[in-house]
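These notes are about the structure you will find just below.
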There are 2 protein chains.
Amino acid sequence: MGRPSKAAERTEQILDAVGRCIVRYGMDGWTLERVAKEADLSRSLVRHFVGNRDELSALFRERILTRYGDMLGADDGGRPPTEVVLEKLFSPSANLDDYAAIDAILASARYQDGLREEARDIYLRLEAAIARAMAHDNPGWGAQRVQGRAHRLLLLAFGHWSMTSLGFPADRTEHVLTAARELLGLPQNTPSHEEPCG
Amino acid sequence: MGRPSKAAERTEQILDAVGRCIVRYGMDGWTLERVAKEADLSRSLVRHFVGNRDELSALFRERILTRYGDMLGADDGGRPPTEVVLEKLFSPSANLDDYAAIDAILASARYQDGLREEARDIYLRLEAAIARAMAHDNPGWGAQRVQGRAHRLLLLAFGHWSMTSLGFPADRTEHVLTAARELLGLPQNTPSHEEPCG
DNA sequence: CTTTTTATTGTCACTGATGACAACATACGC
DNA sequence: GCGTATGTTGTCATCAGTGACAATAAAAAG
């Protein structure tokens with residue numbers, strides 16, 4: 001009985017708008033009013049469906065975590081996991097907005113005590129997924145070595161996206177990709193005059 | 001004649017407070033009121049000496065740029081420039097707050113159009129300084145190779161500081177340092193069971 | 001002591017964002 | 001048509017941050 005609920009649909013609509021606003025205004029700059037405008041709803045409606053700002057923020061982080069926390073570990077047919085990782089971390093076709101949002105969360109975690117554990121969790125899950133893929137495709141590598149490489153790959157990827165979003169020329173991308181393939185133990189595509197591990 | 005000016009002293013006092021506030025509250029979270037409290041002045045005084053928020057922000061960025069823009073290229077006795085770079089980029093004794101502030105500026109530049117060019121400038125100056133040091137200590141390396149390595153070293157350093165400030169355990173630091181030494185063409189200190197370039 | 005320059009304090013209106021809540025509208029089962 | 005649960009709109013007080021400016025206090029020169 002009663003009117004049918006639009007909660008699920010509206011919540012999705014709102015959370016998508018939050019993502020876009022975070023990318024556009026940063027983790028501190030997004031507001032309920034901007035989200036409402038972006039979602040084409042009134043602020044009252046936003047509040048009605050997702051509660052106050054803190055609750056909405058938590059909801060968004062939770063969603064992006066479940067959506068992308070295990071992303072890197074997802075099975076992709078019979079392809080080598082490391083190739084999948086490389087593509088998902090560096091391919092421009094990847095969901096840019098989600099990466100930017102994760103980046104914003106990590107950045108703001110630096111000065112928001114409550115977020116720090118959450119950010120650490122995100123990071124560790126990503127690193128673990130990468131490490132799994134590496135260990136699978138390079139059975140000879142020890143755990144120590146795999147973790148170190150996974151860590152460095154993640155630093156490389158995050159730094160790369162940060163710089164890319166700042167509008168740097170793309171000519172540095174190739175060096176980064178070469179290094180990434182090397183870290184993952186993948187063969188280089190184009191024989192470069194630069195030695196692989198440099 | 002007239003009362004002696006405290007402008008220089010007060011401006012320093014205020015800019016220091018801005019730095020601490022940026023580290024504590026982020027590039028969006030610092031306010032004139034917080035700066036005033038941190039500097040132990042009234043907000044009116046802050047406004048009196050440094051103008052409005054935008055002007056203060058620009059002043060701070062300008063100062064940190066001139067203070068640290070050429071930092072990596074500074075001469076340090078007869079030591080190899082690459083060693084100096086390594087130390088300044090990764091040594092915990094380096095001015096942490098200034099790195100955190102630069103990091104905050106770069107992070108907020110992502111969604112603030114006006115800041116993007118400035119951030120790019122900061123980045124390019126740092127990269128150029130690193131590249132100079134590398135080329136000096138490794139005369140055989142070509143320009144292409146040096147730039148790629150400088151870029152990767154900077155990504156590594158920024159990512160490393162980001163993660164460190166999130167409170168990660170220090171056990172990943174060693175892998176990062178090993179990679180940094182390798183990128184710079186420096187010999188490894190401790191013979192590790194991990195091959196240098198992995 | 002007076003003038004002049006600057007420091008310092010205090011107050012005002014304005015804006016953007018928020019939380020709370022009342023009021024109205026709509027769709028479904030019966 | 002009626003009851004009911006939900007969607008939807010609108011309004012209110014409040015709060016933090018800001019910019020502008022008036023008013024007062026202090027220190028130097030003459």
Side-chain angles (χ1 to χ4, degrees), chain A residues 1-61 101 104-105 108 111-115, chain B residues 1-61 101 104-105 108 111-115:
Chain A
M1 54 180 125
R3 191 172 171 175
S5 173
K6 293 189 179 177
E9 173 195 348
R10 289 279 187 253
T11 302
E12 274 303 296
Q13 186 179 353
I14 292 167
L15 288 176
D16 287 344
V18 171
R20 289 192 295 274
C21 285
I22 286 179
V23 172
R24 196 173 308 163
Y25 305 110
M27 202 61 187
D28 290 324
W30 71 271
T31 67
L32 287 182
E33 299 202 338
R34 281 171 166 168
V35 167
K37 194 172 182 182
E38 180 73 31
D40 209 37
L41 297 172
S42 71
R43 191 174 62 84
S44 300
L45 267 187
V46 174
R47 284 227 47 194
H48 176 64
F49 285 108
V50 297
N52 64 26
R53 210 197 110 113
D54 280 352
E55 293 170 306
L56 177 52
S57 180
L59 200 60
F60 177 82
R61 297 197 306 273
I105 293 174
S108 70
Y111 45 85
Q112 296 199 1
D113 293 358
L115 268 182
Chain B
M1 56 178 124
R3 189 172 173 173
S5 174
K6 294 189 178 177
E9 173 194 349
R10 289 279 186 252
T11 301
E12 275 302 297
Q13 184 179 353
I14 292 167
L15 288 176
D16 287 343
V18 171
R20 288 193 297 272
C21 285
I22 286 179
V23 172
R24 195 174 309 164
Y25 306 109
M27 203 60 187
D28 290 324
W30 71 270
T31 67
L32 288 182
E33 301 202 337
R34 281 172 166 167
V35 168
K37 194 172 182 182
E38 180 72 31
D40 208 36
L41 297 171
S42 71
R43 191 174 63 84
S44 301
L45 267 187
V46 174
R47 284 226 47 192
H48 175 64
F49 285 108
V50 297
N52 64 26
R53 210 197 111 113
D54 279 352
E55 294 170 304
L56 177 52
S57 179
L59 201 59
F60 178 82
R61 296 197 306 271
I105 293 173
S108 71
Y111 45 86
Q112 294 198 2
D113 294 357
L115 268 181

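Convention: sequence-line order gives letters A, B, ...; per-chain numbering from 1.
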Lys NZ or Arg CZ of A:Arg53 over A:Trp30 ring: under 6.0 Å, within 45°: yes
Within-4.5 Å side-chain heavy-atom neighbours: B:Phe60 and B:Ile22: yes
Within-4.5 Å side-chain heavy-atom neighbours: A:Arg43 and A:Thr31: no
Whether B:Glu38 side chain and B:Ala17 backbone form a donor-acceptor pair below 3.5 Å: no
Residues within residues 2-19 of chain B bordering DNA chain D, heavy-atom distance below 4.0 Å: B:Gly2, B:Arg3, B:Pro4
First and last nucleotide of DNA chain C, 5' to 3', lying under 4.0 Å from heavy atoms of chain A: C:dA17 to C:dG29
Heavy-atom side-chain proximity of A:Ser57 to A:Met27 below 4.5 angstrom: yes
Distance in Å, B:Leu32 CG paired with B:Lys37 NZ, rounded so as to fall on 0.5 Å steps: 15.0 Å
Beyond-backbone contact of B:Leu59 with B:Thr11, side-chain heavy atoms, under 4.5 angstrom: yes
Partners passing salt bridge (Lys or Arg N to Asp or Glu O under 4.0 Å) against B:Glu55 (at least two apart in sequence or in another chain): none
Set of residues satisfying salt bridge (Lys or Arg N to Asp or Glu O under 4.0 Å) with respect to B:Arg3, sequence neighbours excluded: none
Non-neighbouring partners of A:Arg47 that pass side-chain hydrogen bond (donor to acceptor under 3.5 Å, both in side chains), sequence neighbours left out: none
Interface residues of residues 27-53 of chain B with DNA chain D (non-hydrogen, below 4.0 angstrom): B:Thr31, B:Leu32, B:Glu33, B:Arg43, B:Arg47, B:Asn52, B:Arg53
